[in-house]
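Heads up: the structure comes next, in structure tokens.
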Protein chains: 2
Amino acid sequence: MPSVTPKPISGFPELLPAEQLVFNRCLDIVRETFERYGFAPIETPAIERKSVLTSKGGNEKEIYALSRLAAAPGEPSDTDYALHFDLTVPFARYVAQHKDKLVFPFRRYQIQKVWRGERSQAGRYREFYQCDIDVIGRGAISLLHDAEMVAVINDVFTRLGIGDFCVRLSNRRILQGFLDAHGLQPEQSLPTLHAIDDLEKIGADKVRTTLIEKAHLNAGFADALLALIQDHMQLPTDQALRSLEALADRLGHAGLAQGVRELAEVVQAVRAFGVPNSRFVVDLAIVRGLDYYTGTVYETRLLAHPEIGSICSGGRYDDLAGYFTNEKLPGVGISIGLTRLVLRLLEVGVLKAGPATPAQVLVTTMDAAHWADYLRIAAELRAHGIPAEVYLDKGRLSDQLRYAARKGFAFAVIAGSEEFNAGLVKLKHLADGTERALPASALAESFGKWA
Amino acid sequence: MPSVTPKPISGFPELLPAEQLVFNRCLDIVRETFERYGFAPIETPAIERKSVLTSKGGNEKEIYALSRLAAAPGEPSDTDYALHFDLTVPFARYVAQHKDKLVFPFRRYQIQKVWRGERSQAGRYREFYQCDIDVIGRGAISLLHDAEMVAVINDVFTRLGIGDFCVRLSNRRILQGFLDAHGLQPEQSLPTLHAIDDLEKIGADKVRTTLIEKAHLNAGFADALLALIQDHMQLPTDQALRSLEALADRLGHAGLAQGVRELAEVVQAVRAFGVPNSRFVVDLAIVRGLDYYTGTVYETRLLAHPEIGSICSGGRYDDLAGYFTNEKLPGVGISIGLTRLVLRLLEVGVLKAGPATPAQVLVTTMDAAHWADYLRIAAELRAHGIPAEVYLDKGRLSDQLRYAARKGFAFAVIAGSEEFNAGLVKLKHLADGTERALPASALAESFGKWA
């Protein structure tokens with residue numbers, strides 16, 4: 001009798017092969033695109049010291065701590081370790097630890113699972129993939145890096161082919177400068193920015209209430225702030241920038257003016273990178289993590305699926321690794337939450353599970369006298385880069401073809417003595433049932449031409 | 001002041017980008033080869049219920065248990081979860097859980113990290129990659145699957161290009177049958193097989209002592225057993241098989257005879273798969289996990305690096321998931337311990353860290369008037385699948401070329417007004433310093449021809 005009944009753990013997604021193949025294809029596109037821009041891979045252990053993970057404070061309740069289930073007497077129980085909850089903290093530790101062996105600007109990508117011990121709810125996962133890129137300078141790096149992030153986002157999501165998307169761009173200095181210029185102190189500006197961050201999710205009316213009740217703004221200023229954001233979001237990018245330049249002139253606030261100049265420079269460079277105007281927009285409501293980002297900030301939305309939220313976010317920061325080194329390491333980066341995105345798109349049918357096998361061809365085996373021939377045919381296909389499986393068990397051809405159909409092979413090779421004697425094999429296209437007789441000796445090449 | 005000094009945790013490997021690129025290339029070859037044979041990817045969560053992981057018993061002290069560092073009041077602390085220590089147990093749970101949605105024979109690969117909370121020592125890791133394939137039947141599957149595993153091993157390690165290797169093949173029934181035929185009971189045969197498993201590591205003399213002192217064999221039988229193993233290892237495969245057939249006839253033991261028949265059939269099929277004779281050998285000392293494997297067993301060694309131990313092991317089993325389902329699911333599989341292999345080969349220089357970037361080309365930027373041109377050139381290279389980075393900061397050309405050399409780019413594109421006016425750009429081969437002038441409008445195509 002089985003001693004354990006297997007069942008899923010909520011928040012820990014697990015896919016069937018056909019879905020896993022779709023997920024992996026998406027992951028490959030992300031990785032390939034990152035590499036095309038010259039981002040180098042690194043991978044940090046899933047396990048870090050707790051002191052590293054809690055250095056920034058604030059999210060302890062998300063952290064999965066470890067201990068050895070049954071350490072032998074005298075051995076350490078490893079209770080000072082925990083699973084990483086994002087890739088940014090381990091990356092900061094990595095750069096601080098290895099900085100003398102890295103070449104700066106250091107451009108890296110990191111695609112790994114992260115774990116968050118939060119209560120699981122619909123669309124939230126406790127184990128999921130993050131796909132991060134960052135550029136880190138040892139000293140200042142240009143705003144072209146900020147623009148390149150938008151180009152990478154544009155390439156990734158264009159190649160994924162999952163529908164129209166839009167990168168929302170802002171610069172943290174603009175909203176901060178606007179609040180400063182109106183004399184707001186941190187005890188008001190911090191809750192104000194947090195409220196703005198919720199604009200998309202809860203709508204302007206509720207944000208207005210929060211601004212007045214929680215951030216203690218007067219109603220007139222709350223309205224002016226919301227109008228600033230909403231008016232500029234509706235303007236074409238260049239008009240929005242000119243309007244912000246005029247605002248900076250009017251208010252005479254240096255930080256605000258710098259934010260507007262930076263945003264204009266980033267927008268100009270984004271265009272030089274070849275990103276179409278339809279792919280990005282200025283949106284002052286983009287705020288992101290308040291204790292980390294200092295300049296450019298991004299979010300990205302799928303136009304047809306706003307419910308997913310931001311599918312790629314990030315920004316510019318002044319200091320990557322202040323908890324781990326005295327050296328200031330400024331940078332800019334983005335992160336794609338791929339698990340949430342792909343699983344949601346599979347749910348709604350934007351991505352569709354296809355075959356349950358990575359092989360294109362099933363070599364059927366109707367005649368035991370020809371085993372060596374079947375194996376040779378498959379070996380030849382593989383040597384030409386065509387993934388091929390041989391049906392290695394005894395079975396009627398009809399059963400073998402049913403197996404091929406259920407797994408979703410595109411083609412079946414069929415041959416018995418008759419075909420081999422004529423130097424031919426049949427290649428059957430399983431979706432439409434058509435067949436061709438091809439020379440057995442040159443199946444791989446012929447296949448390439450037909451398939 | 002930094003609050004945490006970053007330092008490595010022993011047993012948790014972390015690579016610099018140049019080494020990570022080598023590791024990832026190896027991982028890609030493994031994955032691609034698995035897919036060429038039609039193994040489909042699955043991925044199970046890193047986290048399983050403790051009851052699942054301990055179902056087989058015996059390795060509790062290796063398991064990393066989890067708990068939430070600081071669960072909010074009323075929330076579960078998730079203390080019934082732990083990190084998987086291999087991929088076999090999660091795979092068994094997966095097949096039992098999803099079997100009605102899978103098509104059998106189910107061929108899957110799984111490439112994931114596993115964690116073992118053991119004391120760290122040289123060459124042992126607490127976090128490492130396993131690369132597994134298995135074929136699972138719902139009902140019997142043919143011995144051709146056992147042979148195909150050897151073909152996959154041969155393809156993987158040939159493509160990795162890390163030197164000569166040899167797959168050692170046996171069938172568990174042979175040694176077991178030999179012991180049974182001589183009247184050994186489990187209390188003797190189990191320690192005997194454990195001792196034989198150490199033959200490679202500690203040598204025949206020490207194994208002989210163990211056989212006599214621990215397994216209580218008489219000296220004559222211990223010698224006969226060791227001679228059986230050593231004699232057959234030195235024979236060419238076909239002679240070894242004929243000698244074993246004669247032995248089976250002589251002893252008249254059905255299990256032994258079945259083991260020899262199966263081994264002969266597997267050897268014949270391994271050849272039909274195109275595996276050269278030099279790549280495999282019959283070695284009766286291959287024992288593997290006693291509570292799991294029932295027929296064919298494999299180990300693989302790199303001839304120049306026996307100190308790594310087996311780089312790929314596995315075998316045939318009667319029942320994958322007995323702890324999770326009443327249904328008997330026989331199968332055969334292998335596992336590559338890639339972290340240990342690649343890290344050791346980097347240490348000894350068989351694998352060499354190359355460039356620290358996946359990009360082949362650095363587009364240098366000597367003239368700010370031509371930013372748009374530089375970005376366009378890189379975009380065109382990328383569109384042709386050539387990874388390219390643009391030097392996005394201000395810097396003298398000499399500094400940019402030093403950056404390119406340090407990161408290991410193969411080529412640099414160099415162009416200023418003079419070149420652009422002539423419709424040309426210079427492509428510099430950084431290793432040998434040679435340069436060519438190529439049409440700017442068709443760099444990607446020209447590059448393909450020269451590079």
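Proteins come first, then strands; the chains are lettered A, B, ... in the order of their sequence lines, and each starts at number 1.
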Which portion of [X] sits near chain B, non-hydrogen atoms under 4.5 angstrom:
X: A:Glu148; answer: side chain
X: A:Ala82; answer: neither
X: A:Gln110; answer: neither
X: A:Tyr109; answer: side chain
X: A:Pro105; answer: both
X: A:Ile47; answer: both

Report yes if some heavy atom in the side chain of A:Phe34 is under 4.5 Å from a heavy atom in the side chain of B:Pro358; otherwise report no.
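Answer no - side chains too far apart.
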For residues B:Phe23 and A:Pro41, determine if any side-chain heavy atom of one lies less than 4.5 Å from a side-chain heavy atom of the other.
no
Return the option, out of [options], with the maximum number of heavy-atom pairs under 4.5 Å with chain A.
options: B:Ala379, B:Ser142, B:Ala359; value: B:Ser142
options: B:Arg382, B:Gln20, B:Lys113, B:Glu48; value: B:Arg382
options: B:Lys101, B:Arg107, B:Arg271, B:Arg376; value: B:Arg107
options: B:Tyr37, B:Tyr64, B:Phe409; value: B:Tyr37
options: B:Leu143, B:Ile42, B:Thr357; value: B:Ile42
options: B:Ala372, B:Ala272, B:Ser67; value: B:Ser67

How close do [X] and [Y] get, heavy atom to heavy atom, and via which atoms?
X: A:Ala269; Y: B:Leu375; answer: O-CD1, 4.5 Å
X: A:Val103; Y: B:Lys407; answer: O-CE, 3.5 Å
X: B:Ala140; Y: A:Asp393; answer: O-OD1, 4.4 Å
X: A:Ser55; Y: B:Val4; answer: CB-CG2, 4.0 Å
X: A:Pro17; Y: B:Tyr94; answer: CD-OH, 3.4 Å
X: B:Leu102; Y: A:Arg406; answer: O-NH2, 4.1 Å

Find the distance between [atom1] ([X]) and [atom2] ([Y]) and round it off to the nearest 0.5 Å.
X: A:Lys7; Y: B:Phe324; atom1: NZ; atom2: CZ; value: 13.0 Å
X: B:Ile9; Y: A:Arg49; atom1: CD1; atom2: CZ; value: 4.5 Å
X: B:Tyr374; Y: A:Leu144; atom1: OH; atom2: CG; value: 12.5 Å

Does any backbone or side-chain atom of B:Leu66 lie under 4.5 Å from a heavy atom of chain A? Answer side chain, backbone, both or neither.
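Interface part for B:Leu66: both.
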Any residue meeting salt bridge (Lys or Arg N to Asp or Glu O under 4.0 Å) with A:Asp28, in chain and number order, not counting sequence neighbours:
B:Arg31
May I ask you to decide if [Y]'s main-chain N or O and [X]'s side chain share a donor-acceptor pair within less than 3.5 Å?
X: A:Arg93; Y: B:Pro6; value: no
X: A:Glu127; Y: B:Ala46; value: yes
X: A:Arg68; Y: B:Gly117; value: yes

If you count heavy-atom pairs under 4.5 Å with chain B, which of [options] comes out on top?
options: A:Ala40, A:Pro45, A:Gly38; result: A:Pro45
options: A:His145, A:Arg36, A:Glu389; result: A:Arg36
options: A:Lys394, A:Glu43, A:Arg108, A:His98; result: A:Glu43

Run the numbers on B:Trp371 and A:Gln268 for side-chain contact (heavy atoms from CB on, under 4.5 Å), then give the verdict.
CA-CA 11 Å; B:Trp371 269 114; A:Gln268 192 194 0; over 6 Å; no
Working note: A:Leu83 + B:Leu83, criterion side-chain contact (heavy atoms from CB on, under 4.5 Å); need CA distance, chi angles, decisive distance, verdict.
CA-CA 10 Å; A:Leu83 289 176; B:Leu83 291 176; 4.1 Å; yes
